[in-house]
Amino acid sequence: MLDIKLIRNEPDRVREALRRRGAQAEAALDKLLELDRSRRETLVAVEKLRSRRNAASEEIARLKRDGIDPKDKIEAMRRVGDEIKRLEAGLKEVETALQEELLQVPNLPDPAAPDGGEDDSVVLHHWGIPRKFTFEPEDHLDLAVAHDLIDMERGARTSGSRFAYLKGDLVFLQFALVQFALQKLAAKGFRPVLVPVLVRDEAMYGTGFFPTDMQQVYRVEADGLNLVGTSEVPLAALHMDEIVDEADLPVHYVGYSTCFRREAGAAGKDTRGIFRVHQFDKVEMFSFCAPDKSGEEHDFMRSIQEQVLQELGLPYRAVNIAAGGLGASAAKKYDLEAWLPAQERYREVTSCSNCTDYQARRLKVRAKGAKGGPYLLHTLNGTVVALGRTIIAIMENYQTEEGLVEVPAALRPFMPAGMEVLGR
RNA sequence: GGAGAAGUGGCCGAGAGGCUGAAGGCGCUCGCCUGCUAAGCGAGUGUAGGAGUGAAUGCUCCUAUCGAGGGUUCGAAUCCCUCCUUCUCCGCCA
């Protein structure tokens with residue numbers, strides 16, 4: 001959420017920034033400004049009357065103490081009370097409308113986010129050289145099916161399309177990746193957290209997924225809860241309504257959870273294998289940091305992501321996402337795209353967003369220190385390992401001519417003793 | 001799922017329709033004092049929104065806030081309703 005004062009004081013700056021995202025800034029902004037003006041106008045009227053009522057209440061109490069019947073005063077105040085109620089109803093209406101509008105406005109893009117839409121994202125650099133195959137590389141699904149490691153048919157029978165069973169050595173590979181990621185991040189000061197995956201609406205609104213991405217979310221209507229699409233949601237909500245001690249900043253967490261996504265609107269896209277499924281697991285890092293530190297924090301988190309891919313030996317490229325491709329809460333976003341030999345292109349395996357104070361304002365996460373406060377923190381989130389896609393990248397990059405898959409050296413300590421090849 | 005109890009400031013804890021933004025204590029900040037430390041004395045110490053004012057870190061005033069939201073009343077921390085959370089007992093259960 002944006003600061004209404006910023007919108008009020010610098011509407012043109014906000015308008016320009018929103019245009020960069022391709023948002024229909026014009027109408028929304030004008031409506032917002034009008035609602036804000038109307039809200040303050042009504043508020044002044046209500047507060048004037050409340051002030052009068054408070055003064056009269058004191059006087060009534062005083063008169064009663066002195067044994068004087070305050071009947072006339074009470075009668076007059078009854079009318080004031082009715083008027084207050086009337087105005088309060090109007091005020092509430094305006095405030096609700098204002099809030100609703102405000103919730104829909106996305107974050108302002110960072111000046112360093114490139115102009116344009118999805119296709120205008122800028123490649124920052126490459127790492128690693130895609131392997132030259134002496135044979136025709138297979139894709140992850142063929143490799144997996146040959147050894148019954150992925151079962152899409154039965155997944156579909158049980159749950160529908162885009163659901164899969166992962167079996168055998170891939171299960172070990174997944175948990176090896178989790179161990180690898182958790183230990184690496186813990187060593188860097190990130191506190192491991194297992195999070196609730198069903199969350200209240202507040203958490204969804206607070207992180208900016210509601211109302212914009214509602215259609216992507218599985219909702220458990222009976223309980224009013226939502227299945228999270230990423231542990232970013234419960235991690236961000238961890239300090240909802242709190243004022244944290246400035247001395248504890250930055251607060252670093254590494255979460256692990258299953259992620260659920262409806263993939264509405266993705267019909268026909270990436271239908272093969274487990275690249276785009278409704279349910280996958282992910283290790284995610286999250287940071288609450290001081291507002292003036294989020295830029296360097298963002299780079300720090302990306303460096304961790306790059307380190308992970310490098311240690312796994314997966315060639316990738318780093319991309320600075322254009323303003324038009326940012327999620328609602330992000331001001332700036334980096335993606336890392338790993339090379340997939342079978343697709344012969346780079347595909348997104350991690351993402352890292354600086355949400356500045358956008359989520360913090362919605363979640364009311366603030367900090368306070370000796371010098372001052374409370375002030376809103378900045379929040380950042382980044383993938384450490386998206387299990388499904390990383391497994392795909394490993395399988396395709398580490399495949400052998402015999403159709404087996406080597407285990408990357410970095411993961412061997414976390415695999416069953418002696419297991420160096422998957423499928424056998 | 002059934003039966004009860006409770007939610008007050010950073011913390012503890014009083015208040016049971018008006019004189020309570022909220023006693024008292026602890027903590028914290030500043031000052032004084034004590035050759036260090038401890039103790040002592042004095043002052044201050046929540047958050048949010050708004051109006052006014054200033055070149056400005058600001059200052060002045062108003063409003064709201066006693067888990068959340070409604071209601072009763074001239075007036076609600078205090079009475080009523082709904083919800084949330086916590087605790088106890090019973091049942092069920094990984």
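Keep in mind that the numbers below use all heavy atoms, side chains included, and drop hydrogens, waters and symmetry copies. Below, chain A is the first sequence line, B the second, and so on; all start at residue 1.
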J.: Mind calculating the distance between CG (A/Asp66) and P (B/C19) to the nearest angstrom?
T.: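 Going from A/Asp66 (CG) to B/C19 (P), I get 15 Å.
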J.: In whole Å, measure the gap between the C1' atoms of B/C26 and B/U45 for me.
T.: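 Comparing C1' positions in B/C26 and B/U45 gives a spacing of 13 Å.
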J.: Distance from A/Leu170 atom CG to A/Ile391 atom CD1, nearest 0.5 Å?
T.: 5.5 Å
J.: Applying salt bridge (Lys or Arg N to Asp or Glu O under 4.0 Å), run through A/Lys85 and A/Glu88 and close with a yes or a no.
T.: CA-CA 5 Å; A/Lys85 260 183 199 151; A/Glu88 278 177 341; over 6 Å; no
J.: Here's a test of your reading of the structure: between A/Ile4 and A/Arg62, which maps to the more 5' nucleotide of RNA chain B?
T.: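 The residue mapped nearer the 5' terminus is A/Arg62.
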J.: Any donor-acceptor pair under 3.5 Å linking the side-chain atoms of A/Lys282 with those of A/Thr383?
T.: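 Result is no, nothing qualifies.
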J.: Closest to the A/Val44 side chain: B/G69, B/A51, B/A64?
T.: B/A51
J.: Is it the case that the side chain of A/Glu284 and the backbone of A/Ser231 share a donor-acceptor pair, with hydrogens and angles ignored and the cut-off at 3.5 Å?
T.: no
J.: Salt bridge (Lys or Arg N to Asp or Glu O under 4.0 Å) for A/Arg40 and A/Asp36? Distances and angles first, verdict last.
T.: CA-CA 6 Å; A/Arg40 283 180 297 148; A/Asp36 175 54; 3.5 Å; yes
J.: Do nucleotides 73-84 of chain B as a string where each nucleotide becomes B, S or -: B if the base has a protein heavy atom under 4.0 Å, S if just the sugar-phosphate does, - if no protein is that close.
T.: -BS--------S
J.: Mind running salt bridge (Lys or Arg N to Asp or Glu O under 4.0 Å) on A/Arg20 and A/Asp110 for me, showing each step along the way?
T.: CA-CA 10 Å; A/Arg20 292 191 61 218; A/Asp110 187 290; over 6 Å; no
J.: Taking B/C84 as the reference, what is the distance to B/C93 when you measure between their C1' atoms (whole Å, please)?
T.: 25 Å
J.: Measure from NZ or CZ of A/Arg302 to the centre of the six-membered ring of A/Tyr334 and say whether it is under 6.0 Å with the direction within 45° of the ring axis.
T.: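 Relative to the ring axis of A/Tyr334, which defines the angle, A/Arg302 lies inside both limits.
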J.: Nearest-Å distance, CD (A/Glu41) to P (B/G52)?
T.: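 Between P of B/G52 and CD of A/Glu41: 13 Å.
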J.: Starting at atom CZ of A/Arg37, determine the distance to atom C1' of B/G50, rounded to an integer number of angstrom.
T.: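 Distance, rounded to whole Å: 15 Å.
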J.: Over how many whole Å does the gap from A/Arg50 atom CZ to B/A51 atom C1' extend?
T.: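 Interatomic distance, CZ of A/Arg50 to C1' of B/A51: 14 Å.
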J.: Write down the distance separating the P atoms in B/G24 and B/U20, rounded off to the nearest Å.
T.: 11 Å
J.: Rounded to whole angstrom, note down the P distance from B/G71 over to B/G10.
T.: 28 Å
J.: Measuring only the C1' atom in each nucleotide, how far is B/A6 from B/A77? A whole number of Å is fine.
T.: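 Each nucleotide's C1' atom is 15 Å from the other's.
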J.: Dot-bracket for RNA chain B, 5' to 3', with Watson-Crick and G-U pairs under 3.5 Å, [ ] for crossing pairs and | for other-strand pairs: what is it?
T.: ((((((((.[[[..)..(.....]]]((((((.......))))))((((((((....)))))))).[[[[[..)....]]]]])))))))....
J.: Looking at A/Lys5, I'd like to know whether one of its side-chain N or O atoms comes within less than 4.0 Å of OP1 or OP2 on B/G50.
T.: yes
J.: Select one nucleotide: of B/U63, B/G69, B/A48, the one nearest the side-chain heavy atoms of A/Lys92.
T.: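 Given the options B/U63, B/G69, B/A48, the side chain of A/Lys92 is closest to B/G69.
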J.: Show the atom names and distances, to 0.1 Å, of all donor-acceptor pairs under 3.5 Å that link a side chain in residues 176-186 of chain A to residues at least two apart or in another chain.
T.:
| from | atom 1 | to | atom 2 | distance (Å) |
| --- | --- | --- | --- | --- |
| A/Gln179 | OE1 | A/Gln183 | NE2 | 2.7 |
| A/Lys184 | NZ | A/Glu311 | OE2 | 2.9 |

J.: Say you pick atom P in B/A39 and the same atom in B/C80; how far apart are they, in whole Å?
T.: 45 Å
J.: To the nearest Å, how far apart are A/Gln99 CD and B/A48 C1'?
T.: 14 Å
J.: Is the distance from OP1 or OP2 of B/U63 to the nearest side-chain N or O of A/Arg52 less than 4.0 Å?
T.: no
J.: At under 4.0 Å between heavy atoms, what does A/Arg8 touch on the DNA or RNA strands: base, sugar-phosphate, or nothing?
T.: sugar-phosphate
J.: Between B/U29 and B/G18, how many Å separate the two P atoms, rounded to a whole number?
T.: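 Going atom to atom, P in each nucleotide, I get 37 Å.
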J.: Could you tell me if A/Ser353 and A/Asn381 have a donor-acceptor pair between their side chains, going purely by distance under 3.5 Å?
T.: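 No, no side-chain donor-acceptor contact under 3.5 Å.
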J.: Which nucleotide wins on minimum distance to the side chain of A/Arg40, given the candidates B/G46, B/A51, B/U63?
T.: B/A51
J.: To the nearest angstrom, how far is A/Glu202 atom CD from B/U85 atom P?
T.: 10 Å
J.: Tell me which of A/Glu58 and A/Ile243 sits closer to the 5' end of RNA chain B, going by the nucleotide each one is nearest to.
T.: A/Glu58
J.: Nearest whole Å is fine: how far is B/C61 C1' from A/Leu43 CG?
T.: 14 Å
J.: Measure NZ/A/Lys364 against P/B/U65 and give the value in whole Å, please.
T.: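 Whole-Å distance recorded here is 16 Å.
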J.: Can you tell me if A/Thr42 uses its side chain to pair, donor with acceptor, with the backbone of A/Ser38 under 3.5 Å?
T.: yes
J.: Measure the acute angle between the ring planes of A/Tyr256 and A/Phe175, then classify it against the limits of 30° and 60° as parallel, tilted or perpendicular.
T.: tilted
J.: Which value, in whole Å, describes the distance between the P atoms of nucleotides B/U86 and B/U8?
T.: 14 Å
